Protein chains: 2
Amino acid sequence: MEHSSYDIARLASLIIEFYEKISSWEHATVKGSGLTPAQMHAIEIIGQEKSLRMKELAQKMGVTTGTLTVMVDKLEGLGHLERKPHEKDRRSFKVRLTSKGRRQFNKHRQFHLNLAQDIVADFSSADLKIFLAGLEKINSQF
Amino acid sequence: MEHSSYDIARLASLIIEFYEKISSWEHATVKGSGLTPAQMHAIEIIGQEKSLRMKELAQKMGVTTGTLTVMVDKLEGLGHLERKPHEKDRRSFKVRLTSKGRRQFNKHRQFHLNLAQDIVADFSSADLKIFLAGLEKINSQF
DNA sequence: GTATTTTGTTTGAATGTCAAGATATTTGAT
DNA sequence: ATCAAATATCTTGACATTCAAACAAAATAC
């Protein structure tokens with residue numbers, strides 16, 4: 001479907017605005033935790049996966065393993081996560097959250113849920129479902 | 001309106017996915033320009049404003065003026081923007097794009113428009129309008 | 001006219017980032 | 001079984017980003 005350039009420009013503009021607002025919100029929210037956004041991002045990904053290799057985590061985060069080594073060193077030092085030798089592959093480590101990291105993860109996820117709740121607070125149930133379907137379609141197209 | 005926790009969780013999850021996809025896309029897109037994401041972000045903001053003070057730019061970007069001094073030095077050295085003394089306030093500069101920076105800005109905006117076009121390519125016109133209205137409502141609530 | 005505030009810069013410290021190179025281990029080919 | 005290639009991680013060096021704190025110059029307030 002060929003859309004009007006006006007609608008497309010409006011969409012681009014709304015997406016940029018939305019993205020920037022999320023960025024600011026995330027930054028401000030993370031600040032209270034004493035972690036940096038990048039560190040929290042690592043915790044979010046590890047938290048969804050139980051445990052994963054350095055390499056896998058690097059790929060999911062879109063950084064090199066060299067970058068990740070330093071970041072995991074730091075988070076391990078802070079007690080949020082730990083490296084365990086891989087059972088099968090002696091080159092590799094499995095990274096996973098400690099209970100401290102798990103608490104941080106759960107707290108942050110709750111912030112996300114609260115935000116999600118707030119921003120659609122005045123949507124009707126039907127409108128929300130339509131919006132969810134739209135966003136899902138966009139994500140699948142991306 | 002009190003929504004189901006299932007819908008809220010789905011919304012939070014879709015937003016995170018959307019945000020990460022934009023991040024990756026932006027990062028990959030900017031890479032081809034030789035600039036860093038932060039530098040491109042500065043160009044995007046200046047480009048929308050014609051010219052603005054260091055302080056104003058810092059606020060819009062959510063960084064301190066100290067951070068900005070270094071970044072603007074760098075971008076000025078690359079020829080993308082320039083400082084002009086403020087007409088009224090001799091403490092201050094107005095930062096604006098050079099023609100080189102303007103070309104960079106236009107090119108990047110076109111990338112955004114192309115992306116916007118692509119991700120809603122298979123929306124009907126009516127669905128797009130509904131989605132736009134939803135996103136606008138969310139932005140205003142944020 | 002002096003005191004306060006504002007604007008921008010500088011500096012020092014921590015983090016994030018990559019590319020390139022080193023090491024250890026696994027996998028694949030013969 | 002051996003040797004080569006691929007893989008996983010770490011290390012290092014270079015640069016970018018970021019903030020806080022300290023500074024200088026100019027504007028504003030009283």
Side-chain angles (χ1 to χ4, degrees), chain A residues 20 23-24 26-46 49 51-78 80-96, chain B residues 20 23-24 26-46 49 51-78 80-96:
Chain A
E20 304 236 324
S23 281
S24 301
E26 178 76 10
H27 196 274
T29 303
V30 164
K31 202 168 188 179
S33 72
L35 297 174
T36 66
Q39 289 167 348
M40 186 61 86
H41 192 204
I43 286 177
E44 285 182 70
I45 292 176
I46 302 166
E49 300 279 335
S51 94
L52 73 177
R53 288 171 179 242
M54 293 289 286
K55 180 77 180 184
E56 292 169 334
L57 179 55
Q59 284 169 341
K60 282 177 195 289
M61 292 187 71
V63 299
T64 63
T65 56
T67 298
L68 197 62
T69 294
V70 181
M71 198 185 302
V72 168
D73 284 350
K74 183 70 188 169
L75 284 169
E76 195 168 26
L78 291 171
H80 290 293
L81 49 83
E82 59 189 356
R83 284 178 175 92
K84 306 272 285 186
H86 193 287
E87 319 81 39
K88 304 279 177 63
D89 187 342
R90 284 187 300 170
R91 293 169 305 180
S92 191
F93 295 102
K94 299 283 257 181
V95 183
R96 63 178 197 185
Chain B
E20 304 236 324
S23 281
S24 301
E26 178 76 9
H27 196 274
T29 302
V30 165
K31 202 169 190 179
S33 71
L35 298 174
T36 66
Q39 289 167 346
M40 186 62 85
H41 192 204
I43 287 177
E44 286 183 69
I45 293 176
I46 301 167
E49 299 279 335
S51 94
L52 71 179
R53 288 170 179 243
M54 294 288 288
K55 180 77 179 183
E56 292 169 334
L57 179 54
Q59 284 169 340
K60 282 179 195 288
M61 294 187 69
V63 300
T64 63
T65 55
T67 297
L68 197 61
T69 293
V70 181
M71 198 185 303
V72 168
D73 283 350
K74 183 76 187 164
L75 284 170
E76 196 169 24
L78 290 171
H80 290 292
L81 48 82
E82 58 189 357
R83 286 177 173 92
K84 307 271 286 186
H86 193 287
E87 318 80 40
K88 304 280 178 63
D89 188 341
R90 284 187 301 170
R91 293 169 305 180
S92 193
F93 295 103
K94 297 283 255 181
V95 183
R96 62 177 195 185

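Note that this is a predicted model, so its numbers are computed, not measured. Lettering follows sequence order; numbering is per chain, from 1.
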Can you measure A:Asp73 atom CG to C:dT17 atom C1' for me and round it to whole angstrom units? 15 Å
For B:Met71 and D:dC19, what is the distance between atoms CE and C1' respectively, to the nearest whole Å? 12 Å
Residue that, paired with B:Thr67, satisfies side chain to side chain donor-acceptor pair (under 3.5 Å) out of B:Thr64, B:Thr65, B:Thr69: B:Thr64
So, OP1 or OP2 of D:dC19: does either fall under 4.0 Å of a side-chain N or O from B:Thr64? yes
Run the salt-bridge test on A:Lys94 and A:Asp89 with the 4.0 Å N-O cut-off and return the result as yes or no. no
Provide, to the nearest angstrom, the distance between the CG atom belonging to A:Leu68 and the P atom belonging to D:dA8. 13 Å
Restricting to non-hydrogen atoms, name the atom on A:Ser33 and the atom on A:Met40 that form the minimum distance, rounded to 0.1 Å. OG-CE, 3.7 Å
Euclidean distance, atom NE2 of residue A:His86 to atom C1' of C:dA24 [Å, nearest integer]: 16 Å
Mind checking whether B:Leu52 and B:Ile46 have side chains closer than 4.5 Å, heavy atoms only? yes
Nearest non-hydrogen partners of B:Leu68 and B:Ala58, listed with the distance: CD2-N, 3.5 Å
If you check the A:Met54 side chain, which of D:dT9, C:dT9, C:dT15 turns out closest? D:dT9
Taking 4.0 Å as the cut-off, does a side-chain nitrogen or oxygen of B:Thr69 come that near to OP1 or OP2 on C:dG8? no
Without decimals, in angstroms, what is the distance between A:His41 NE2 and C:dG16 P? 13 Å
Which is more 5' along DNA chain C, the nucleotide nearest A:Met61 or the one nearest B:Gln59? Just name the residue. B:Gln59
Any donor-acceptor pair under 3.5 Å linking the side chain of B:Glu76 with the backbone of B:Arg83? yes
Return whichever of B:Val70 or A:Arg83 has its heavy-atom-nearest nucleotide of DNA chain D closer to the 5' end. A:Arg83
Starting from C1' on D:dC15, measure out to CG on B:Leu78 and report it in whole angstrom. 13 Å
Which ones in residues 26-40 of chain A lie close to DNA chain C, meaning a heavy atom under 4.0 Å from one of its atoms? A:Thr36, A:Ala38, A:Gln39
Among D:dA16, C:dG8, D:dT18, find the nucleotide with the atom closest to the side chain of B:Lys74. D:dA16
Rounded to the nearest 0.5 Å, how far apart are CZ of A:Arg96 and NZ of A:Lys84? 4.5 Å
Rounded to whole Å, how long is the line connecting atom CD of A:Glu87 with atom P of C:dT26? 13 Å
Within less than 4.0 Å of OP1 or OP2 of C:dG16, is there a side-chain N or O belonging to A:Thr67? no
To the nearest 0.5 Å, what is the distance between NZ (A:Lys74) and NE2 (A:His80)? 10.0 Å
d(CD, B:Glu56; P, C:dT6) in whole Å: 15 Å
Look for any protein N or O under 3.5 Å of an N or O in nucleotides 25-27 of chain D and output each such pair with its distance, or none.
| residue | atom | partner | partner atom | Å |
| --- | --- | --- | --- | --- |
| D:dA27 | OP1 | B:Arg90 | N | 3.3 |

